[in-house]
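Everything on this sheet refers to the single structure shown next.
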Number of protein chains: 2
Amino acid sequence: MTNKHKSSYAISKQLLQRLPLYLNFLKNYADKDGYVSAPMIASAMRLNEVQVRKDLAAVSSTGGKPKTGFATEQLIRDIEKFLGYDNVDEAVIAGAGRLGSALLAYSRFSEYGLKILMGFESDEKLIGTEIAGKQILSIDKLPDVCKRLNIHIGIITVPAESAQEVCDKMIAGGIQAIWNFAPIHLNVPDHVLVQNQDMAASLAILSKHLREKLEKKEEV
Amino acid sequence: MTNKHKSSYAISKQLLQRLPLYLNFLKNYADKDGYVSAPMIASAMRLNEVQVRKDLAAVSSTGGKPKTGFATEQLIRDIEKFLGYDNVDEAVIAGAGRLGSALLAYSRFSEYGLKILMGFESDEKLIGTEIAGKQILSIDKLPDVCKRLNIHIGIITVPAESAQEVCDKMIAGGIQAIWNFAPIHLNVPDHVLVQNQDMAASLAILSKHLREKLEKKEEV
DNA sequence: CGCTATATGATAAATATTTCACATAATAAT
DNA sequence: ATTATTATGTGAAATATTTATCATATAGCG
């Protein structure tokens, strides 16, 4: 057995980012005779074969069989378990604009063990309404509600101007991890985790990569 | 001068991901007397001081002044230039559901040198309508339109089931880079760049980090 | 039943990225 | 002016991550 002390190993961030991709691939892997091999996955996903093998070794509970590979279904379960998709985590959203609504309505979160319970807004017209069956409450209630329900994940989809203010409210409510869509740097105490998700920046990175690739082509 | 051969240096992906964060920070940096220093940024953003210094050195056209730092406005311009926010790139979206609409309406893309021209849909009810002033056309027209307008960035916000099909249409239309929100692995030829953006997975990663942190706290 | 092809798992090498440590430059205060 | 302080920039060390190599195992086939 390879992974006795799994939890004490440091899991690299990159691995963590690859695992969902494996999961997507495996779930849509059609010609499954029940097994997949690392070289197989590697070539389909254009990754290094050894890397895939190591990644799988890090999460697989059973290991693979030489010449055969890994049992697909088991592997999917192992990755899901590893990523904690079996624990349900509860989250709230601040900001019920277009992006906030999209996230509130995004049903796939549940597959990942995540449940967005409700939204918070400052816009009077939205308070009291429902989006995708989820209540929209006044932003002022955020700290109390989070505290009472013991929610520790917050999603910020408000405009940059009010993001810090909302962030402070979340922290007051005991939120421990924030997924921040506002294009602004948030100041938080040490114990709070922030993951930034600036959409515009992500797209910009893509276009930057593209431009580089085109330039390289010209050079040759 | 430090960066004579800037363009021939390999820019690390991590740097590319940090630059937009610097930009956000700098743009909202209030008590600007006109200058910022690397140690300053580092402590505010909780990064290593040397890393910030190296990052800035890689993009700054003028360099910094000892004891003073970098001219804030110039630095902002340098980062924007470096990221290509001055070149306008055009893109299209396939899928005008909630997420697609949110992106179509997201005005900040323009600040990043990105322009989303229109959306494509298969849903008859949406075809012919406008979202945020942008036309929604039939998905069947995608290849032609892209080819004719010479657009090379495509954004996929359709359900996983139809993502590959849409992807193929984009490739047929000469799209070179794809920003994929569908939770599925896309098969593309070598020359096409795919950046995956599985929202659910991103949030899952956040919650995984959080759980690890909580576990570590328990161990101690 | 042995041979071949292919996959795993592990150790080692190569890369990439981050951090440290120090030499140098410029500001501000005595 | 001289000195203390603080920032830059850079080469070297330390880490982290990816890739290469190889020994071992097993399924399938003659």
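Note that these values count all heavy atoms, side chains included, but never hydrogens, waters or copies made by symmetry. Proteins get letters first, then strands, A, B, ... in listed order; numbering begins at 1 in each. Computed from a predicted model, the values in this text were never measured in an experiment.
- In this structure, A:E80 does not pair ionically with A:R77, as no charged nitrogen and carboxylate oxygen lie closer than 4.0 Å.
- Across all non-hydrogen atoms, the minimal contact from A:V192 to A:I175 is CG2-O, 3.8 Å.
- B:L75 places its CG atom 13 Å from the C1' atom of D:dT8, with the value rounded to the nearest Å.
- Between A:D55 and A:R18, at least one side-chain nitrogen of the basic residue sits less than 4.0 Å from a carboxylate oxygen of the acidic one, meeting the salt-bridge criterion.
- Between A:E73 and A:K27, none of the side-chain N atoms (NZ, or NE/NH1/NH2) sits under 4.0 Å from a carboxylate O, so this pair counts as no salt bridge.
- Interatomic distance, A:S202 OG to B:N196 CG, rounded to the nearest 0.5 Å: 12.0 Å.
- At C:dT17, none of the side-chain N or O atoms of B:R18 fall inside 4.0 Å of OP1 or OP2 (strictly under the cut-off).
- Spacing between atom CG of B:N48 and atom P of D:dA13 amounts to 18 Å, rounded to whole angstrom units.
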Counting primed atoms, P, OP1 and OP2 as sugar-phosphate and everything else as base, the B/S/- map of nucleotides 21-30 of chain C against protein heavy atoms under 4.0 Å is B---BBB---

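- B:Y112 and A:D198 share a side-chain donor-acceptor pair at under 3.5 Å.
- Put simply, CG on B:L16 is 11 Å from P on C:dT17, counting in whole angstrom units.
- Of the candidates D:dT8, C:dT17, C:dT8, the closest approach to any side-chain atom of B:E49 belongs to D:dT8.
- Comparing B:G64 and A:D55 along DNA chain D, the residue whose closest nucleotide (by nearest heavy atom) sits nearer the 5' end is B:G64.
- Counting to the nearest Å, the P atom of C:dT8 and the CG atom of A:L56 are 8 Å from each other.
- Residue A:I41 contributes atom CD1, which lies 12 Å from atom P of C:dA7 at whole-angstrom precision.
- Between A:Y106 and A:F109, the gap from one ring centroid to the other is short of 6.0 Å.
- Atom-to-atom, CD of B:Q14 to C1' of D:dT17 comes out at 10 Å; the value is rounded to the nearest Å.
- Rounded to a whole Å, the OH atom of B:Y35 is 12 Å from the P atom of D:dT8.
- In this structure, the CD atom of B:Q51 is 13 Å from the C1' atom of D:dT15, given to the nearest Å.
- Toward the 5′ end of DNA chain C lies the nearest nucleotide of A:F70, the other residue of the pair A:K54 and A:F70 mapping further downstream.
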